[in-house]
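This report refers to the structure that appears directly beneath it.
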There are 2 protein chains.
Amino acid sequence: MNEVEKFKEKLKDKGYKLTTQRRVILDVIMENREKHLSSEEIYDLVRQKYPEIGLATVYRTLLLFEELGIVYKLNFDDGRNRYELYHNEVHQHHHLICLKCGAVIEMEGDLLEDLEKAIEETKDFEILDHNVKFFGYCSKCRKKND
Amino acid sequence: MNEVEKFKEKLKDKGYKLTTQRRVILDVIMENREKHLSSEEIYDLVRQKYPEIGLATVYRTLLLFEELGIVYKLNFDDGRNRYELYHNEVHQHHHLICLKCGAVIEMEGDLLEDLEKAIEETKDFEILDHNVKFFGYCSKCRKKND
DNA sequence: TAGTTTATGATATTCATTTTCAATTGTCAA
DNA sequence: TTGACAATTGAAAATGAATATCATAAACTA
């Protein structure tokens with residue numbers, strides 16, 4: 001079963017309807033896997049394929065997709081929600097955010113596991129998700145500074 | 001030199017004036033060291049001491065204090081900025097946020113150091129700050145769930 | 001295909017934050 | 001101490017992202 005079929009099933013399972021708008025929004029997100037698009041950016045891209053769409057529908061759909069585990073909401077402290085396609089490694093990657101040029105670099109690997117285990121034990125806190133961001137200067141901006 | 005004197009000096013250094021409003025806002029933040037107050041919460045507390053103050057002044061002052069390194073801005077994904085008094089260990093603590101009751105538990109210790117070193121080397125990214133949050137259920141809420 | 005329910009688009013609303021601008025208040029030099 | 005000038009303030013308006021409202025328009029199901 002491919003991704004789109006899985007998507008259809010997830011909607012049906014919960015009694016949601018399969019609409020053109022939802023399909024187009026999914027397409028845009030799938031075509032931009034490596035990006036971290038904001039709601040507004042998604043709206044702009046969707047309008048190129050389906051100009052009649054309303055902004056509210058995009059917001060509603062992103063909320064729904066998040067609930068269904070289709071997308072994952074990111075927060076880069078730039079005052080807007082950003083989304084990426086959900087994948088299993090999503091919890092295993094962190095983001096490096098350049099304070100100069102705003103570039104977002106993805107980082108795989110979960111070196112947090114030990115830390116999480118320690119927290120669960122010492123604080124009796126059940127961790128479901130984490131949010132790890134590093135702010136600094138990317139290699140390009142570091143070179144410019146020389 | 002005590003904290004308040006340091007504060008006065010930081011303002012003067014950059015040509016900013018020492019106003020009653022700024023003093024009262026600092027007092028409120030200092031009296032709530034262990035908390036993570038939002039701008040609105042700070043406004044409410046400040047008004048008890050200085051009712052004439054305007055909301056915009058609080059927002060402006062918090063922005064200024066952040067710039068001067070007097071406070072540190074936190075983001076708990078609840079749609080508002082939160083602040084805490086800047087202290088050197090600020091970079092060394094993380095927050096556990098309960099998804100049920102909203103409690104914020106502070107966690108000391110920096111187990112991220114190894115991870116940061118690895119990033120600086122492999123990604124050529126100079127880390128200045130990090131933001132680490134863990135979401136889950138606190139011990140109280142876990143007990144309630146039983 | 002009809003009928004019911006869900007979804008949509010346009011618009012209004014909310015909420016946190018920022019901007020505007022005239023009036024006020026610190027600061028520093030005389 | 002005063003006066004001048006720049007910085008600061010308060011009130012209100014503006015912004016910007018996100019959400020709610022509501023009448024109309026699609027989807028699904030029998």
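Each chain gets a letter, A, B and so on, in the order the sequences are listed, and its residues count up from 1.
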> Where each residue is assigned the nucleotide of DNA chain D containing its nearest heavy atom, which of B:A56 and B:R22 is assigned the position nearer the 5′ end?
Replying inline: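 With B:A56 and B:R22 compared, the 5'-side residue is B:R22.
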So that I can tick it off, tell me whether [Y] and [X] are bridged by a salt bridge, with the cut-off set at under 4.0 angstrom between side-chain N and carboxylate O.
| X | Y | answer |
| --- | --- | --- |
| A:K133 | A:D77 | yes |
| B:D13 | B:K10 | no |
| B:K49 | B:D27 | no |

Spacing between [X] atom [atom1] and [N] atom [atom2], to the nearest angstrom:
| X | N | atom1 | atom2 | value |
| --- | --- | --- | --- | --- |
| A:L64 | D:dA20 | CG | P | 14 Å |
| B:L26 | D:dT8 | CG | C1' | 17 Å |
| B:K12 | C:dC28 | NZ | C1' | 11 Å |
| B:Y16 | C:dC28 | OH | P | 15 Å |
| B:K14 | C:dT27 | NZ | P | 18 Å |
| A:E66 | D:dA18 | CD | P | 12 Å |
| A:R23 | C:dA7 | CZ | C1' | 17 Å |
| B:F76 | C:dA16 | CZ | C1' | 17 Å |

> What do you reckon, are the aromatic ring centroids of B:F65 and B:F7 less than 6.0 Å apart?
Replying inline: yes
For [N] and [X] - does any side-chain N or O of the residue sit under 4.0 Å from the phosphate oxygens OP1/OP2?
| X | N | value |
| --- | --- | --- |
| A:N81 | D:dA18 | yes |
| A:S38 | D:dA17 | no |
| A:S39 | D:dA17 | no |
| A:Q21 | D:dA26 | no |
| B:T19 | D:dT9 | yes |
| B:Y59 | C:dT17 | yes |
| A:T57 | C:dG9 | yes |
| B:R60 | C:dT17 | no |

Report which part of the nucleic acid [X] touches: base, sugar-phosphate, or nothing (heavy-atom distance under 4.0 Å, all strands).
| X | answer |
| --- | --- |
| A:Y50 | sugar-phosphate |
| B:E52 | sugar-phosphate |
| B:L18 | sugar-phosphate |

> Between the side-chain atoms of B:K17 and the base atoms of D:dA6, is any donor-acceptor pair under 3.5 Å?
Replying inline: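 Result: at least one qualifying N/O pair found.
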>> Here's a test of your reading of the structure: between A:G54 and B:R80, which maps to the more 5' nucleotide of DNA chain C?
In response: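 Result: A:G54.
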> Are the side chain of B:R22 and the backbone N or O of B:K17 linked by a donor-acceptor pair below 3.5 Å?
Replying inline: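 Looks like yes, one N/O pair under 3.5 Å.
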> With a 4.5 Å limit on heavy-atom distance, are the side chains of B:R23 and B:L18 in contact?
Replying inline: yes
